[in-house]
Amino acid sequence: RDSVDDPVAHTMSTKESFYRCYEVINKAVREKKIAEGKDAYEEILGMAKGDVKHLVAPVIPKFAHLFPELLDSAINALLDLCEDESSPIRKDAIRGFKTLTENLPDCISRVSSLLTQLLVLEDEEEVKVLRSTFTPIFQNDIKQASQAVLHHIKAGTAPLKEKACQFFAKEMKECKREIDKNMELQAYLVEMLLAVVSEAGGALRGEDLDALFKVIQSFEVYRDNKHPSLLASVKEALEALMNLEGIDFTEDGSKRLLSCLVFGSNLSNKVDSSSLLNHLVIKVPTMLNEASPETAVKLARMLPRLLSEKYQSEESASKLFTAMYAGFGSAMTVETVNLAVVEPLLYMLHKIGKRVPSHAMATLGLKKALGEDTDPRTAEKKATFQGYVDTVLKEQKEKSASTKEELKELGKNMKTLKGEEKNEANRKRTKMQTLVRACANIETMCTLLTRSQAIGADSINLSYQRRKPNKAQATAKKEEKKTAGTKRKRGADRTSDKPINKLEMSLEDIAKAEKKTASNQNKKRGGGRGGRGRGRGAQGSGRGSNKAKGQQQNKRRKSQGQETKQKNQGGNKRGGNAGRGGRGSGGRGGKRGGGGRGAQNNKRKRGQQNQQNGGHQFNKRTRGGRGRGRGRGRRGRNRRNN
């Protein structure tokens with residue numbers, strides 16, 4: 001009685017009982033008489049609600065495999081410990097599930113289900129412990145663990161669905177290498193995911209639905225196009241999802257629709273899904289006003305990506321045009337027109353209208369071809385469309401002007417920004433530049449419809465897409481590069497020498513033509529375009545310090561100069577052609593070694609003064625001045641003298 005009334009004494013008594021039971025179990029294990037430790041283990045399980053929980057938590061999973069008939073009691077005891085007020089005890093209990101599955105692999109599915117339910121814990125430290133415990137269990141048996149997690153994604157509460165989707169997507173990335181080796185496992189996972197999407201996709205967040213779609217796309221069994229029945233199942237699941245209540249006129253419904261559009265666009269590359277995509281696309285314009293501005297922009301920008309689809313008939317294209325026009329009209333009814341949404345809608349009107357021009361003109365109330373019946377409501381339709389155009393043009397004009405001013409101010413402040421502030425400013429500038437391009441595109445497309453009454457907008461590059469180069473310009477640029485590459489080849493002719501008809505030319509023209517021909521021949525000898533000249537021209541007019549010294553040197557080098565002159569006629573064998581040898585008198589040859597901008601007979605004042613001071617006109621080996629030219633190529637630099 002005293003021990004019951006005294007808490008300390010009671011705790012001491014409980015501890016003694018725990019250690020006694022623990023010793024009994026250890027003795028039974030040593031002596032391989034497991035049955036003798038069963039009562040002691042049951043007593044320890046009862047202590048999970050007592051005063052020695054911190055001692056019991058790690059022991060329960062340690063011996064659970066010895067007494068499989070007590071497994072349910074052991075799991076329930078761990079769950080009780082997971083709900084304890086003490087955080088360390090809860091963490092020990094969570095870690096115990098890992099030990100439990102290591103010794104009893106058959107209970108992975110059950111333990112995975114329990115751990116999935118614990119993903120909604122609020123304590124961040126406990127969540128870390130939970131993930132570190134659950135991850136190895138998941139990787140140990142992907143099939144059983146996935147089945148348990150997906151069950152809660154399908155039937156759990158909204159917070160649990162969100163947490164479970166995030167955990168599942170992350171684990172699929174971690175296990176990708178192992179999953180890629182097993183095609184059968186991939187097919188099984190795809191089937192389970194499709195069941196979740198078709199039955200409960202309407203209750204998932206757009207982000208979570210997108211995460212599941214990305215998991216499906218990551219599997220080789222989906223990407224290799226070798227499993228048509230599986231792709232057909234994917235299409236059926238997506239169609240079933242579109243009929244669920246979750247694809248509604250709400251922000252969440254818009255996000256789900258966006259996820260379906262992205263996944264459907266990818267699926268269309270593998271299986272015919274034009275009817276499905278038409279059904280998805282027609283929903284978009286009606287949901288733009290219900291979605292947030294960011295989601296509305298994403299939805300609208302998805303539309304042009306689906307234009308490559310071949311519509312089954314003109315009837316479906318006509319319905320789609322009508323839906324796009326309705327969305328365009330609804331975008332004009334809001335207080336502030338979202339130009340980022342208007343641009344792709346106008347683009348869609350042009351592209352779809354080009355396929356059904358008669359229907360497009362009739363819908364917009366524009367001019368029709370001769371011989372067609374005139375709709376009495378044409379004037380009214382035209383006035384309505386003109387009102388939409390006036391509204392959007394007014395908005396784009398104001399927005400374009402204000403954005404350009406902001407860009408100027410931002411450009412002035414960019415020089416003072418550093419680090420993350422500069423990166424943020426660059427992102428802001430990119431968005432503003434995109435908006436300016438969108439305003440220009442909107443003005444062009446509206447003008448085409450109202451003034452020219454032309455449908456197509458073939459020259460429009462959407463502001464948020466990379467600009468596609470003009471085919472003619474791309475071809476011309478390619479040919480230019482090809483020609484430039486040919487010119488760089490060593491010894492290639494850069495000009496063609498045409499024969500001179502002197503009978504039909506004046507004396508002045510003959511002199512010019514002969515000079516040009518000689519220049520072309522010198523260029524051919526020079527070895528193509530030269531690089532930067534190196535060194536000083538060895539054959540320039542000398543710098544003789546006095547008359548006697550200059551004459552003595554010239555006598556000794558006269559024969560050498562004549563021989564060098566013959567070898568290097570045309571100049572700049574090393575640096576390039578005679579006219580442009582490069583900076584620093586780029587070669588050895590000619591009067592000036594090809595250095596500078598002059599031709600072979602170019603003499604500088606300094607060299608002429610040297611002649612007057614005693615230098616001889618054949619003083620080929622003395623130092624010349626630095627050239628001024630710059631080589632235009634590279635391959636001529638290593639050419640040596642003949």
Side-chain angles (χ1 to χ4, degrees), residues 3-4 7-119 121 126 129-149 151 178:
S3 62
V4 173
V8 177
H10 178 70
T11 301
M12 293 297 295
S13 175
T14 307
K15 282 186 178 181
E16 292 176 358
S17 299
F18 170 79
Y19 287 121
R20 176 180 54 78
C21 292
Y22 186 75
E23 182 60 31
V24 170
I25 297 174
N26 277 330
K27 183 179 179 181
V29 172
R30 287 195 303 270
E31 296 178 357
K32 298 182 180 181
K33 298 178 181 179
I34 305 301
E36 295 180 1
K38 181 179 178 181
D39 294 338
Y41 185 70
E42 281 187 291
E43 190 174 347
I44 288 179
L45 292 178
M47 296 178 188
K49 297 181 180 181
D51 300 327
V52 289
K53 298 175 183 178
H54 61 288
L55 299 175
V56 172
V59 172
I60 291 177
K62 182 178 180 181
F63 297 116
H65 65 287
L66 300 176
F67 313 101
E69 64 276 12
L70 299 177
L71 179 60
D72 292 342
S73 300
I75 292 176
N76 291 331
L78 286 175
L79 288 176
D80 290 337
L81 293 172
C82 288
E83 298 174 356
D84 193 78
E85 296 178 356
S86 174
S87 179
I89 293 176
R90 293 197 299 268
K91 292 178 182 178
D92 286 339
I94 292 172
R95 295 187 186 99
F97 284 108
K98 179 182 177 182
T99 306
L100 193 67
T101 55
E102 288 175 349
N103 298 326
L104 292 169
D106 294 339
C107 68
I108 286 181
S109 179
R110 183 176 179 182
V111 170
S112 298
S113 179
L114 295 173
L115 292 178
T116 303
Q117 297 177 55
L118 294 176
L119 288 172
L121 291 174
E126 292 180 18
V129 173
L130 175 61
R131 289 182 177 273
S132 63
T133 300
F134 199 177
T135 295
I137 296 174
F138 192 98
Q139 296 175 356
N140 189 29
D141 195 327
I142 299 173
K143 188 174 182 178
Q144 287 193 57
S146 298
Q147 188 176 9
V149 176
H151 170 74
E178 185 67 26

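Residues forming a salt bridge (Lys or Arg N to Asp or Glu O under 4.0 Å) with Glu126 (at least two apart in sequence, or on another chain): Arg90. Listed by chain and number, the residues in a side-chain contact (heavy atoms from CB on, under 4.5 Å) with His54 are Ile89 (sequence neighbours excluded). Under the rule for a side-chain contact (heavy atoms from CB on, under 4.5 Å), Lys32 has no partner lying at least two apart in sequence or in another chain. Partners of Leu79 under the side-chain contact (heavy atoms from CB on, under 4.5 Å) rule, at least two apart in sequence or in another chain, are Ile75, Asn76, Phe97, Leu114. Lys49 meets the side chain to side chain donor-acceptor pair (under 3.5 Å) test with no other residue; sequence neighbours excluded. The side-chain contact (heavy atoms from CB on, under 4.5 Å) check on Glu85 picks up nothing, with sequence neighbours excluded. Looking at residues two or more places apart in sequence or on another chain, you find a side chain to side chain donor-acceptor pair (under 3.5 Å) between Gln144 and Asp141. A search for side chain to side chain donor-acceptor pair (under 3.5 Å) contacts involving Thr135 returns Glu171, not counting sequence neighbours. Taking Asp72 as the reference, Arg110 meet the salt bridge (Lys or Arg N to Asp or Glu O under 4.0 Å) condition, with sequence neighbours excluded. Every residue meeting the side chain to side chain donor-acceptor pair (under 3.5 Å) condition with Ser113, not counting sequence neighbours, appears here in chain and number order: His152.
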Take Asn140 and Thr101 through the side-chain contact (heavy atoms from CB on, under 4.5 Å) test and state the conclusion after the steps. CA-CA 9 Å; Asn140 189 29; Thr101 55; 5.6 Å; no
Dump the intermediate steps for side-chain contact (heavy atoms from CB on, under 4.5 Å) on Val149 and Phe138, then the final yes or no. CA-CA 10 Å; Val149 176; Phe138 192 98; 4.2 Å; yes
Evaluate Phe67 against Leu45 for side-chain contact (heavy atoms from CB on, under 4.5 Å), listing each step before the verdict. CA-CA 12 Å; Phe67 313 101; Leu45 292 178; over 6 Å; no
Assess whether side-chain contact (heavy atoms from CB on, under 4.5 Å) is satisfied between Tyr19 and Leu55, documenting all intermediate values. CA-CA 9 Å; Tyr19 287 121; Leu55 299 175; 4.0 Å; yes
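Atoms CG and OG, on Leu78 and Ser73 in that order, are 11.0 Å from each other to the nearest 0.5 Å. Between atom CE of residue Met47 and atom CD1 of residue Ile60 there is a gap of 10.0 Å, rounded to the nearest 0.5 Å. Atom CZ of residue Phe134 and atom OG1 of residue Thr116 lie 3.5 Å apart, to the nearest 0.5 angstrom. Atoms CD1 and OG, on Ile142 and Ser112 in that order, are 11.5 Å from each other to the nearest 0.5 Å. Remark: Asn103 CG to Leu71 CG distance equals 11.0 Å, nearest 0.5 Å. Distance check, rounded to the nearest 0.5 Å: OG1 of Thr133 to CZ of Arg131 gives 12.0 Å.
Among pairs with a residue in residues 38-47, those fulfilling side-chain hydrogen bond (donor to acceptor under 3.5 Å, both in side chains) read Arg20-Glu43, at least two apart in sequence or across chains.
What you find for Leu130 and Leu118 is that their closest heavy atoms are CD2-O, 3.3 Å. Across every non-hydrogen atom of Ala64 and Leu100, the tightest pair is CB-CD1, 3.4 Å.
For the pair His151 and Gln147, the minimum side-chain heavy-atom distance is 4.5 Å or more. At a threshold of 4.5 Å between non-hydrogen side-chain atoms, the residues Lys53 and Ser86 do not count as touching. Leu81 has its side chain out of reach of Asp92: every pair of non-hydrogen atoms, C-beta onward, lies at least 4.5 Å apart.
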Exercise answer: donor-acceptor pairs, residues 21-28 side-chain atoms, under 3.5 Å, sequence neighbours excluded:
unit_1, atom_1, unit_2, atom_2, d
Tyr22, OH, Lys62, NZ, 3.1
Glu23, OE2, Arg30, NH2, 3.4
Asn26, ND2, Tyr22, O, 3.4

